[in-house]
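Each remark here refers to the structure printed beneath this line.
Basis for what follows: all heavy atoms, side chains included, without hydrogens, waters or symmetry-related copies. Here is how names work: the chains are called A, B, and so on, in the same order as the sequence lines, proteins then strands, and each is numbered from 1. Everything numeric in this text was worked out from a predicted model, so none of it was measured.
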There are 2 protein chains.
Amino acid sequence: MPELGARAEFLLKALVERYIAEGQPVGSRTLAKEAGLELSPATIRNVLADLEEMGLVRSPHTSAGRVPTERGYRIFVDTLLTVRPLQSAQIRRYEHELSHEDNPKQLLENASHLLSEVTQLAGLITLRRRNQSVALRQLDFVGLSAERVLVILVTQDGEVQNRVIHTERQYSPAELVQAANYFNETFSGLPLADVKRALLTEMQKTSEEMQRMMQLALDMARRVLLDEKQDIDDLMVSGESKLMDFPELGDIQKLRRLFDAFTKKRDLLHLLERSLRAGGVKLFIGSESGYEALEGCSVVTAPYMQDGRVVGTLGVVGPTRMPYEQVIPFVDVTARLLSGALSSLGR
Amino acid sequence: MPELGARAEFLLKALVERYIAEGQPVGSRTLAKEAGLELSPATIRNVLADLEEMGLVRSPHTSAGRVPTERGYRIFVDTLLTVRPLQSAQIRRYEHELSHEDNPKQLLENASHLLSEVTQLAGLITLRRRNQSVALRQLDFVGLSAERVLVILVTQDGEVQNRVIHTERQYSPAELVQAANYFNETFSGLPLADVKRALLTEMQKTSEEMQRMMQLALDMARRVLLDEKQDIDDLMVSGESKLMDFPELGDIQKLRRLFDAFTKKRDLLHLLERSLRAGGVKLFIGSESGYEALEGCSVVTAPYMQDGRVVGTLGVVGPTRMPYEQVIPFVDVTARLLSGALSSLGR
DNA sequence: CTTAGCAATCGCATGTGTAGAGTGCTAATT
DNA sequence: AATTAGCACTCTACACATGCGATTGCTAAG
């Protein structure tokens, strides 16, 4: 990659900013006036030709100005972008939106809405994977009918999960209560990870008569806690329809593919998963994501945490031409605020 | 409304059917061949002119054929439509899709998906209002932190609802268990309606020392069961993006308004509510719904039941030009199948 | 290295012409 | 009285031409 000079950088920055603001190809004349450099359009044309050669800008056609390419955007956000830190008054307002919520699921939904409303793009958030460090509060067994038992799992943060399992024989309410008591006495207050481990190791132990209820409890608990399916992440999307306002996504075909990706969720989940590991904001510009449906779109993501552990990812999707200098810090802040709100749930 | 003759009716029917099938305005020549009547195009033109005068068809422009108006569609579905009853093999397939599901919420989602997949339109379903005749199974109180208690409500059909409430003082786990026991001993097995009534009437009774726990339980139960907000219906939409394939909805503006209606939900909920009372399939053609967002769209709905009581509505949304003769019976069948599946949940 | 000048290119809007589809009307036919 | 053939008319869709404006690349001068 040939180093580009300070002037070329400056002009690239000016061009991208202008294009993001106006949505029109930017010509040499405009740039000459806009940039503030004392240069004639002709000189600027030379520089632009260089940038085009490097694949950072391109002309839609001969007599149009230039628009950034994906690589151009990439250089822009990596090395030229000046992010505006958010006003602390704003931050407090957003925090307020998130703090008044007891229900963890609802909290995530609020965060997604907030992302969409503030950026006017589509908000994304993965339901967090069951945090293995969260403590188990209690397990309940409720007999629904012969051989069908409803298992209710409550964690320290107030999240309730439930699932119906089928048993080989009918259990009386008393048996179920007793089984739950045994189980809770042993495991309540322990992190889910520890409970799981215990469930796996206790698998083989002999069943003494005295422990019959405990065996039952362990068995039912296993079928809920160790079920892989429960761990599959899910995705929530908010404000998709806002994307229809962008003229660059005006093509119905493209829009259809994008919206399909929102319902299918699989590809987006993979994408969001990729940004789980590294902390901080991650950007996928256009085809960098590798998914055709996201052609012409950028995704800005950030992982969020609960009690110091990364448990999910949030972000926004919008056209490649989006105001990165505002979106990036906002996604960052939202992830932090949500992490704070989630972590205070268990207290 | 002047009675239209048998021939006019026949031609209207042919015209609508042809238009639904092809999506193009239908001319007199086409209709002469299609209809099988031994009539010349000129004669048909005369009839079409009459239909136009009555407001049942219209010309997009001078040299195009005719297209049904909303009133035309209305006459068509009310008096001319010949619905094809579904094959029983098909019905069994659909039933199969719905029967293997223990979780009530998931069941509704499956129904919505089924609607969308089979009709290739957008599927709608209201989450059912809490069925007041379903029996309460049990109530659990789980202390989350000082002064925050998680209340878990389990009904006979295996549905779990939960809510965090704030108390004035901290309760020990033992107190909470005791309170729940009192409550469940008294109310478990009773229909929710009865429980609610009891909660309201017992409000005023004096609190004897012996009953302190019961008072606590009643108080908490009230705050969950009598909360109006819980009763607000919610709406699920599936396969919205399929609507983007219809050329008549190709206008992005229109599409945007429609998708906004899907997220706002309010208007659609009102519409679906209207069809709660009467049994059987209801149709809203174009502006009949009264909502601008549904311009050019029809909604086909049917109420569904649980244990003999209407608890919600399902249906589809699509362009006015939809294959009613298939959609109507399918919506009807889906409502019946779902009703059956829901009713067998409690057993 | 920068700039002015200039021909060249292209999109876009506008206008024109033509073919095709379908209509309404009138007069002839049954 | 109902039906039909004939015909002028209207409108769209499409193809093609034209002019305008914007912007470029190139060249030669500063």
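The 12-atom threshold is exceeded at CZ of A:R257, counting heavy atoms of other residues, nucleotides or ligands nearer than 6.0 Å. Heavy atoms from other residues, nucleotides or ligands lying under 6.0 Å from CZ of A:R74 number more than 12. Heavy atoms from other residues, nucleotides or ligands lying under 6.0 Å from CD of B:E248 number more than 12.
In this structure, A:Q24 reaches neither bases nor backbone, as no heavy-atom distance under 4.0 Å exists between it and the strands shown.
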| query | Tell me, for nucleotides 13-30 of chain D in 5' to 3' order, what letter each nucleotide earns: B for a base near a protein heavy atom under 4.0 Å, S for only sugar-phosphate near one, - for neither? | reply | --------BBSBB-----

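Side-chain N/O atoms of A:T69 and A:R58 include no donor and acceptor closer than 3.5 Å.
Under the 6.0 Å cut-off for aromatic ring centres, B:Y73 and B:F76 do not qualify, their centroids lying 6.0 Å or more apart.
Close to C:dT3, at under 4.0 Å from its OP1 or OP2, lies a side-chain N or O of A:S40.
The residues B:K13 and B:E9 are annotated as not salt-bridged, no charged nitrogen and carboxylate oxygen being separated by less than 4.0 angstrom. In summary, A:E117 and A:K242 engage in a salt bridge, as defined by a charged side-chain N under 4.0 Å from a carboxylate O.
Taking five base pairs at each end of the helix from C:dC1-D:dG30 to C:dT30-D:dA1, the local helix axes there meet at an angle of 20°, rounded to 10°.
At distances below 3.5 Å, not a single donor-acceptor pair connects side-chain atoms of B:S116 with backbone N or O atoms of B:S112.
Taking atom CD of B:E22 as the reference point, atom P of C:dA21 lies 15 Å away to the nearest angstrom.
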